[in-house]
Peer 1: 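The structure that follows is given in the form of structure tokens.
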Amino acid sequence: MPLLSVTDLQVDFTTRNGRTTAVNKVSFDVESGKITAIIGESGSGKSVACYSLLGLLPTPPASIEGGTALFEGRDLLQMSESELRRIRGRDVAMIFQDPMTSLNPYMTIGDQLVEPLVYHHKVSKSAARERALELLTEVGLRDPHATIDQYPHQFSGGMRQRVMIAMALINEPKLLIADEPTTALDVTIQAQILALIADLQRKRNIGVIFISHDLSVVADIADEIVVMQQGLVVERGDRAAIFDHAEHPYTRKLLDAIPAGSKAVTAEQREDLITVSNLCTWFGQGKGKEPLRAVDNVSFTIQRGEILGLVGESGSGKSTIGRSLLRLLPITSGEVLFDGVDVTQLQGVGLKQMRRRMQMIFQDPYASLNPRMSVYDTLAEPLLLHGIESRKTVEHGVLRLMDDVGLPRAFVRKYPHEFSGGQRQRIAIGRALATRPEFIVADEPVSALDVTIQAQILDLMLELGSEYGLTMLFVSHDLAVVRHIADRILVLYKGQVVEQGTGEVLFNNPRQEYTRQLLQSIPGRALIS
Amino acid sequence: MWRFVGWRLLQAIPVILAVITVTFFLVRAAPGGPFDSEKAVIPEVKAALEAQYRLDLPLAQQYLAYLADLAQGELGPSFKYPGRSVNELIAAGLPATAELGAYALLVAIFFGGMAGVIASLKPNTAQDYIPMSLAMIGICMPTFLLGPLLVLLFGIHLEWLPVAGWGDMPGDKILPSITLGAAYAAYIARLSRAGMLEIMSQDYIRTARAKGLPEWQVVTRHALRGGLIPVVAFLGPAFAGLLAGSFVVETIFQIPGLGRFYVQAAFNRDYTMILGTTVFLSTLIVLFNLLSDVLAAWLNPRLRAQFGEA
């Protein structure tokens with residue numbers, strides 16, 4: 001008998017706009033000692049299904065309309081709130097996506113950690129603390145005795161996720177539900193956390209539900225895979241069946257969306273559009289403290305029409321380089337030649353003219369679009385500001401941009417919140433293209449998007465790149481994405497370039513230890529090579 | 001931490017100085033003077049009085065002399081209570097006012113906090129609407145209306161509580177405290193509701209529920225601290241407001257507090273008394289604001305760490 005057996009689970013949401021079925025007749029099993037992965041895009045119902053099992057959905061608006069969820073033979077869906085509470089945190093524990101917000105900022109991690117143990121097993125505080133220290137050591141927290149009384153903000157993202165894992169394991173649960181536990185983390189940290197979860201699960205022989213939007217993340221660890229789309233399970237099977245013989249078109253689409261292979265390299269030698277020499281961007285950290293060397297003595301060139309990938313973890317300075325090139329941040333020293341002109345020396349009118357030729361696309365299209373401006377206004381603004389179109393012709397220009405980025409013309413009067421993440425990124429791309437720039441800095445443009453949307457946006461960027469003859473600096477923490485789109489890749493570590501080369505060369509013959517480490521961290525490496 | 005406090009205290013000096021200056025010249029610009037009365041005073045007597053209180057000097061000199069006294073903590077003699085200094089009068093009125101303010105604040109925190117938290121637990125239901133409607137009424141209801149209404153009901157109609165006095169009869173402190181605290185209770189209710197609603201939607205509340213904690217523990221252990229920070233930040237201005245705004249309640253209930261001296265001083269053109277009370281109250285307001293800011297920051301570990309470094 002499986003540890004957890006969910007059959008025909010249905011969850012509805014009742015809102016002012018009517019009733020929608022978020023989870024529709026979903027069935028899956030979880031075995032002890034096995035990892036069941038639930039894969040789907042945002043809105044597919046994967047998280048809702050799991051939260052409903054534990055009574056963690058607010059009701060209303062949610063309501064469980066049917067199905068059974070047998071956990072050790074007892075139906076979770078029929079339990080009262082107090083019965084469920086005895087299971088939550090004791091037999092079934094959870095890890096959440098964002099360790100930043102999932103830990104209480106007002107309590108020390110020690111106090112939060114011992115809570116489930118003290119509450120469920122009436123263990124004394126001091127005994128619980130001992131256990132917490134053991135677990136923190138086990139999940140790899142450095143110096144637990146010194147850090148157990150610290151607050152969450154004193155830890156890095158990866159360390160916080162380790163604390164979350166320790167907290168989930170403190171009652172030795174039989175089932176662990178991990179909801180996108182690595183999505184908010186850097187690729188090397190992600191690899192560590194994945195390995196930790198798999199290791200702990202094997203040692204303790206517990207069942208795991210691993211929720212993710214990314215098939216490649218679970219490629220190495222999942223035993224069973226359940227693929228969900230719009231509330232329905234479209235395919236389920238063991239790992240080999242899904243990766244090797246996927247039958248449902250949606251599963252195949254997900255597999256195809258994993259960016260694979262290196263971009264073909266064109267041999268032709270072109271003139272350099274951008275030459276960066278000895279660029280330094282430091283941030284002061286207050287009097288008497290060493291400045292933070294975010295970018296330290298970096299030199300590189302980008303040829304006209306080339307897409308240069310910039311790869312590194314958070315804090316490696318990759319975004320800072322992009323912003324420094326566009327003069328969005330003050331440069332400490334160094335030279336940036338754009339078409340022969342030193343950008344760092346430009347002032348006033350010269351700078352404005354230069355900005356027209358260089359544009360930026362940001363990671364979060366929602367935060368970087370003005371919520372009170374319609375798409376029309378957003379796209380018209382740069383056209384008018386730089387005198388590219390007149391008042392009379394601006395409508396034509398806006399509609400042409402909408403066509404270019406693949407948005408229906410009818411959407412032109414809508415506001416950002418009415419669009420999906422992918423559509424918003426299309427708007428952001430349209431805005432960047434409005435001034436007919438020669439150079440674009442794209443800062444993690446697809447990191448916030450679902451994989452299939454990510455693939456569409458990458459294709460759009462490649463297409464527009466050749467159509468507009470664009471030169472691009474493509475910043476990302478995701479090596480697979482960069483390899484897919486970039487002609488050449490720069491690997492950045494602690495503000496310095498450690499290695500550069502074509503995707504092909506870097507992937508097959510990494511010379512630096514750090515590059516090798518980055519490559520090994522890519523989940524599901526077999527899928528993308 | 002101490003650097004922050006010191007810096008804020010330094011910033012307070014120009015603020016208080018500005019208050020003194022504006023008040024000093026405003027009261028003198030107002031028509032009438034301290035020794036005007038219906039009975040004609042013999043000019044010689046008036047001149048002697050004015051000389052004694054330095055009113056014969058040019059305005060600028062009066063101002064400088066006042067500042068010089070103030071620097072030594074001396075608020076000067078009262079014009080209307082001969083032989084008594086403003087310091088003495090404030091000291092006499094302060095205990096009753098401070099006690100009234102403290103009780104009113106307790107009333108406000110207790111009822112306001114409770115109403116806000118209860119309302120936030122079931123938003124947009126009767127459990128939310130009823131306390132919040134009461135709070136709205138509390139904000140709208142002026143103390144000079146609420147006070148007499150309470151007296152009418154509990155003092156005269158039901159005869160449960162005394163109608164006036166302070167410390168003369170058992171229970172005579174209850175009605176004034178409620179009257180003064182009601183409006184602040186209403187503000188605190190709204191603040192704590194908003195604060196709690198924000199916290200209750202945070203991810204870490206979901207984490208706490210996933211641990212299997214009962215809802216009351218989720219609220220008390222995980223939500224309350226963050227949710228009530230806005231209330232703590234409001235306490236400083238609230239307490240200062242209670243002290244300064246207590247004169248209506250003191251008048252209604254015949255309480256021998258600071259507020260009554262203050263109002264009478266204004267009617268009497270008792271220049272030193274007006275100035276003295278203003279300086280005293282504005283200093284208190286600055287101090288209480290600082291205190292509640294420090295407390296609110298200290299409750300937030302992130303800000304506390306920054307203080308530690310500064």
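None of these values were measured; they are calculated from a predicted model. Proteins get letters first, then strands, A, B, ... in listed order; numbering begins at 1 in each.
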Peer 1: A:P116, A:S102, A:G55, A:P152: which one forms the most heavy-atom pairs within less than 4.5 Å of chain B?
Peer 2: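 Most heavy-atom pairs within the cutoff with chain B belong to A:S102.
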Peer 1: Is any side-chain N of the basic residue among A:E138 and A:R131 closer than 4.0 Å to the acidic one's carboxylate O?
Peer 2: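 Judged by the 4.0 Å cut-off on N to carboxylate O distance, A:E138 and A:R131 do not form a salt bridge.
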Peer 1: With a 4.0 Å cut-off on N to O distance, would you call B:E99 and B:K173 a salt bridge?
Peer 2: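 So B:E99 pairs with B:K173 through a salt bridge.
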Peer 1: What residue, out of A:R85, A:M167, A:Q150, A:M164, has the most heavy-atom pairs lying under 4.5 Å from chain B?
Peer 2: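 Maximum pair count with chain B is reached by A:R85.
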Peer 1: Under 4.5 Å heavy-atom distance to chain B, tell me which part of A:Q112 shows up: side chain, backbone, both or neither.
Peer 2: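 Contact with chain B: backbone and side chain both.
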Peer 1: Which one, B:R209, B:Q217, B:H222, leads in non-hydrogen pairs under 4.5 Å with chain A?
Peer 2: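 Answer, by heavy-atom pair count under 4.5 Å with chain A: B:H222.
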Peer 1: Evaluate the side chain to side chain contact (heavy atoms under 4.5 Å, CB included) criterion for residues A:Q161 and A:Q190: first the C-alpha distance (whole Å), next the side-chain angles of each, then the deciding distance (0.1 Å), finally the verdict.
Peer 2: CA-CA 10 Å; A:Q161 200 58 294; A:Q190 163 170 306; over 6 Å; no
Peer 1: Assess the residue pair A:S63 and A:D12 against the criterion (side-chain hydrogen bond (donor to acceptor under 3.5 Å, both in side chains)); give the C-alpha distance rounded to whole Å, side-chain angles, the decisive distance to 0.1 Å, and a yes or no.
Peer 2: CA-CA 5 Å; A:S63 58; A:D12 285 6; 5.4 Å; no
Peer 1: Which of the residues A:Q97, A:M107, A:M94 is involved in the greatest number of heavy-atom pairs with chain B at under 4.5 angstrom?
Peer 2: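 Ranked by contacts with chain B, first place is A:M107.
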Peer 1: Is the shortest distance from a Lys or Arg side-chain nitrogen in A:D91 or A:R74 to a carboxylate oxygen in the other one below 4.0 Å?
Peer 2: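 Between A:R74 and A:D91 there is no salt bridge, as every charged N stays at least 4.0 Å from the carboxylate O atoms.
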Peer 1: Before accepting this row, confirm whether a basic side-chain N of the pair A:E115/A:K125 lies closer than 4.0 Å to the acidic partner's carboxylate O.
Peer 2: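 The answer is no: the pair does not qualify as a salt bridge.
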Peer 1: Heavy-atom pairs under 4.5 Å with chain B are the metric here; pick the option from A:G89, A:P173, A:A93 that has the most.
Peer 2: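 Most pairs with chain B among the choices: A:G89.
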Peer 1: Checking A:Y106 against chain B: side chain, backbone, both or neither under 4.5 Å from a heavy atom?
Peer 2: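 Backbone plus side chain of A:Y106, per the 4.5 Å heavy-atom cut-off to chain B.
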Peer 1: Looking at A:E81 and A:R88, does any basic side-chain N land under 4.0 Å from a carboxylate oxygen?
Peer 2: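 Yes, charged N to carboxylate O under 4.0 Å.
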Peer 1: Side chain from CB out, backbone as N, CA, C, O: work out which of these in A:L103 comes under 4.5 Å of a heavy atom of chain B, or both, or neither.
Peer 2: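 Interface part for A:L103: backbone (N, CA, C, O).
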Peer 1: Chain A: which of B:A208, B:G226, B:A223, B:G212 shares the most heavy-atom pairs with it under 4.5 Å?
Peer 2: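 Top count of heavy-atom pairs under 4.5 Å with chain A: B:G212.
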Peer 1: Is B:L299 in contact with chain A via its backbone, its side chain, both, or neither, using a 4.5 Å heavy-atom distance?
Peer 2: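 Contact with chain A is through the backbone of B:L299 alone.
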Peer 1: Report, as yes or no, whether the 6.0 Å neighbourhood of atom CZ on A:F155 holds more than 12 heavy atoms from other residues, nucleotides or ligands.
Peer 2: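 For A:F155, atom CZ is crowded (more than 12 foreign heavy atoms under 6.0 Å).
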Peer 1: Of the listed residues (B:E215, B:R221, B:R206, B:Q202), which shares the most heavy-atom pairs with chain A below a 4.5 Å separation?
Peer 2: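 The candidate making the most pairs under 4.5 Å is B:R206.
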